[in-house]
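Scroll down for the structure; my scribbles are underneath it.
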Amino acid sequence: MAKQRAASGASAPGPLVEADWLAQHLDDPDLRVVHVSTDRRTFNKRHIPGATYCDLHREIALRGRAPETGDSEREGLLADPAQTGAALRRWRVGDGDRLVLYDDIGLNRHAARVYWHLRLYRFPTDRLHLLDGGIDAWATDDRPTTTEVPDADLADALRVPVALGERDDSIMATYDDVADASHEATTGSHPPSRLLDVRTSAEWVGSDLRSRRGGHIPGARLRAFEDLVGEDGRLRTVDQALSLIRASGADPGEIRAVYCQSGTRAALAWFLLHELAGLGHIRNYAGSWEEWGNRSGSPVEMP
């Protein structure tokens, strides 16, 4: 199974698009490009011509607190539909537009989190895409970048807003879902591999402490998300990614949820497994370790 790639001249691209395709369609009147980052200075230094800016932690994966984790600071809380719709309007995205997301320093995990979030609220799947390799892939072959920010115009005000839908729970794992998966993964003589942890090995063993408690969810298997990205910043092929995951002791057919610290690195793994490999049973645990590790009653395992 090869990685799904859009052909350069394809009129109906898949979830993942190449820089060549984007260059050929950049002037399409219905195309919108959004540069996703956690630091606007990277956008100010260079971005794809015509791209607007998304501040990940101010617009989509929000910083704040949640009742279930008390006074613990979090940075992956879900924006609600109204907040998401307002962000789309700021990005100049209207009904019927085709949206390409990319990022700069996040190995596309930031863009993937926005992609997953928009899918969660049922943005049209065939109009939503991720640019493989982000800004670095675009900048190869002397493709132009700019520091100019597109000005809003009357057409933006007249554009019909995107009609978002009810949350699609088939792509989001809740705390209870993960607790059930953990129980399945630790019960019996041959338990299935239900959970994939895509954090670092230091987070896995608890030496890199980013929540009240360190460690990992019982029964999970580890495969760092960086392993799913090639040296050029583009995603591994599906075959390569699945082989790496199997080498971690996890059967992709058995996995039910992926997690990280705040659901952002996990969103990239979800994108590869769910959108490209076609494993529709895999969900992103958006709460991830910043929920699990900050809840006093959740079981934690450490080597």
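- Taking 4.0 Å as the cut-off between side-chain N and carboxylate O, Arg236 and Asp227 do not count as a salt-bridged pair.
- Contacts of Asp103 classified as side chain to side chain donor-acceptor pair (under 3.5 Å), with partners at least two apart in sequence or in another chain: none.
- For Glu184, the side chain to side chain donor-acceptor pair (under 3.5 Å) partners are Arg194, not counting sequence neighbours.
- The side chain to side chain donor-acceptor pair (under 3.5 Å) check on Thr140 picks up Arg143, with sequence neighbours excluded.
- Pairs passing the ring pair (Phe, Tyr, Trp, His ring centres under 6.0 Å) check and including a residue from residues 183-214, sequence neighbours excluded, read Trp204-His216.
- For residues 124-145, the set of pairs meeting the ring pair (Phe, Tyr, Trp, His ring centres under 6.0 Å) definition, not counting sequence neighbours, is empty.
- Listed by chain and number, the residues in a side chain to side chain contact (heavy atoms under 4.5 Å, CB included) with Leu77 are Leu62, Ala66, Arg74 (sequence neighbours excluded).
- Residues Leu195 and Phe271 fall into different hydrophobic clusters, defined by Ile, Leu, Val, Met, Phe, Trp and Tyr side chains chained together at heavy-atom separations under 4.5 Å.
- Remark: Glu59 pairs with Arg90 by the salt bridge (charged side-chain N to carboxylate O under 4.0 Å, His left out) rule, at least two apart or across chains.
- Geometrically, Arg295 engages Tyr175 in a cation-pi contact, judged by NZ or CZ lying under 6.0 Å from the ring centre and within 45° of the ring axis.
- The neighbour count for Arg40 CZ, taken as heavy atoms of other residues, nucleotides or ligands under 6.0 Å away, is above 12.
- Hydrophobic cluster of Phe43: the remaining members, joined at side-chain heavy-atom separations below 4.5 Å, are Tyr53, Val149, listed by chain and number.
- Contacts of Asp176 classified as side chain to side chain contact (heavy atoms under 4.5 Å, CB included), with partners at least two apart in sequence or in another chain: Thr174.
- With sequence neighbours left out, the side chain to side chain donor-acceptor pair (under 3.5 Å) criterion links Gln83 to no other residue.
- Among residues two or more places apart in sequence or in another chain, the side chain to side chain contact (heavy atoms under 4.5 Å, CB included) test is passed with Arg46 by Ile135, Asp136, Ala139, Thr145.
- In this structure, Arg210 fails the cation-pi test against Trp289, since its NZ or CZ atom is not both closer than 6.0 Å to the six-membered ring centre and inside 45 degrees of the ring normal.
- Checked against side chain to side chain contact (heavy atoms under 4.5 Å, CB included), Ala112 has the following partners two or more places apart in sequence or in another chain: Leu130, Ala267, Leu268.
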